[in-house]
Amino acid sequence: MTGTNASREVADATGGSPPVLQLQDVHVRYGGSHILQGVSFDVPVTGVTALLGRNGVGKTTTLKAVLGLAPRTGRVLLQGREIQRLATARIVRGGIGYVPEDREVFGGLTVEENLRLVDPDRGVNAPVVERLFPDLVRRRAQRAGTLSGGQQQMVALARVLLRENALLLIDEPTKGLAPKLVTEVADVLAEVSRTTPVLLVEQNLPLVRRIADRVVVLDAGQVVHRGAAAELVADAGLTRELLGVSMRREGAA
């Protein structure tokens, strides 16, 4: 396991607080495929933890395992309480917000209606929406299905932020977005992470360098690296070894 010293430094930065999320020897099997093979890591109570790895190594499956959307064994603890035996609805009510990779907005409903499904009284008038998503306020009467991909991502983020969350799970929020929208999403995530810890699946390394405090890298369903985000993305050889990419080829966030 690499990144031991970096992991210790990150832990020290949290003041020794217990982690908000713990995965202990988590396995996921679909049919004959063993997708997660004993995944164990913690998510601290502050900042952004980026879950990285090549395509198909189990990143999205890890998020689904936390939520009970994938059949798993092992232990999953939220704020010290075991949740692996709970139904997904109870896990979400217990304080986990989830933004899936495909956003899953209701295209036939307006922006306002999408948000009022979560907060019937305020919708776009909620302070968090007015502060972080002013464009959605202006587009409150527009059907979500007619929004751009970036705007739909903002709806998905706004919707989850209308609830009280102990932890946010966010899956590839910048996938397919133009650079300007990547920057806007990064701004929102950086602001949100000041008050709510985030477990972020993301391929954009400049964005990881900008907003992530720590990283967990998966390969073939196993954790192969944990440590400080800044140290990983600063080491071109290590990023090529673990992720098969070079920072020099990546665009800026």
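In what follows, every heavy atom counts, from backbone to side chain, and hydrogens, waters and symmetry copies are set aside. Residue indices begin at 1 and follow the sequence shown.
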N165 to L161 - nearest heavy-atom pair and separation: ND2-CA, 4.3 Å
Beyond-backbone contact of L168 with L199, side-chain heavy atoms, under 4.5 angstrom: no
Residue pair D119 / D121, side-chain heavy-atom distance below 4.5 Å: yes
Closest non-hydrogen atom pair, R116 against N125: NH2-ND2, 4.0 Å
Closest approach of G149 to L177 (non-hydrogen atoms, all atoms of both residues): C-CD2, 3.7 Å
Side-chain heavy-atom pair V76, L21 within 4.5 angstrom cut-off: yes
E164 side chain to G95 backbone, donor-acceptor under 3.5 Å: no
Pairs involving residues 52-81, ordered by first then second residue, that meet salt bridge (Lys or Arg N to Asp or Glu O under 4.0 Å) (sequence neighbours left out): R75-E82
From CA spacing to verdict: side chain to side chain contact (heavy atoms under 4.5 Å, CB included), V160, Y98: CA-CA 7 Å; V160 77; Y98 177 47; 5.7 Å; no
Separation between CD of Q37 and CG of D25, rounded to the nearest 0.5 Å: 11.0 Å
Expected output: side-chain T146 to main-chain Q142 donor-acceptor under 3.5 Å: no
Main-chain N/O of P127 paired with E130 side-chain donor or acceptor, under 3.5 Å: no
Shortest non-hydrogen contact from Y30 toward A70: OH-CB, 3.1 Å
Connected via hydrophobic side-chain network under 4.5 Å: V99 and L109: no
Atom pair OG1/CG of T174 and L189 - distance to nearest 0.5 Å: 9.0 Å
From CG (L218) to CD1 (I35), nearest 0.5 Å: 12.0 Å
Criterion side chain to side chain contact (heavy atoms under 4.5 Å, CB included) on V20 and T46, from CA distance to verdict: CA-CA 9 Å; V20 65; T46 60; over 6 Å; no
Note, I83 side chain near I96 side chain (heavy atom, < 4.5 Å): yes
Side chains of T60 and D171, donor plus acceptor under 3.5 Å: yes
V224 with V208, same ILVMFWY side-chain cluster at under 4.5 Å: yes
Interatomic distance, D187 atom CG to I211 atom CD1 [nearest 0.5 angstrom]: 9.5 Å
Heavy-atom side-chain proximity of V198 to I170 below 4.5 angstrom: yes
Exam field: side chain T196 to backbone S193, donor-acceptor pair closer than 3.5 Å: no
Test item: L242 and L52 side chains (from C-beta on) under 4.5 Å apart, heavy atoms: no
Heavy-atom side-chain proximity of P71 to R29 below 4.5 angstrom: no
Joint cluster assignment, V128 & V124, ILVMFWY side-chain distance < 4.5 Å: yes
R226 and F41, any side-chain heavy atoms less than 4.5 Å apart: yes
Same cluster (ILVMFWY, side-chain, under 4.5 Å), V92 and L86: yes
Residue pair E172, N204: steps toward the side chain to side chain donor-acceptor pair (under 3.5 Å) verdict: CA-CA 9 Å; E172 297 211 38; N204 186 317; over 6 Å; no
R122 side-chain N/O to A126 backbone N/O, donor-acceptor pair under 3.5 Å: no
N/O donor-acceptor pair under 3.5 Å between D213 side chain and V48 backbone: yes
Ion pair check, E191 and R131, cut-off under 4.0 Å: yes
Pair R143-T110, side-chain donor/acceptor within less than 3.5 Å: no
Heavy-atom pair of closest approach, residues S148 and L181: OG-CD1, 4.5 Å
Reported CD-to-OG1 distance for the pair E231 and T239, which is rounded to 0.5 angstrom: 13.5 Å
Nearest heavy atoms of N114 and R159, plus distance in Å: OD1-NH1, 3.6 Å
Exam field: side chain S17 to backbone V45, donor-acceptor pair closer than 3.5 Å: no
Heavy-atom donor-acceptor pair, Q22 side chain to P19 backbone, under 3.5 Å: no
Heavy atoms of other groups near R90 CZ, more than 12 under 6.0 Å: no
Side chain to side chain contact (heavy atoms under 4.5 Å, CB included) between L115 and V129, intermediate numbers included: CA-CA 9 Å; L115 299 186; V129 178; 4.1 Å; yes
Separation between OG1 of T62 and CG of L67, rounded to the nearest 0.5 Å: 11.5 Å
Audit row: R139, D135, side chain to side chain contact (heavy atoms under 4.5 Å, CB included) steps and yes/no: CA-CA 6 Å; R139 297 176 181 274; D135 188 45; 3.0 Å; yes
Shared hydrophobic cluster, V118 / V137 (ILVMFWY, side-chain heavy atoms < 4.5 Å): yes
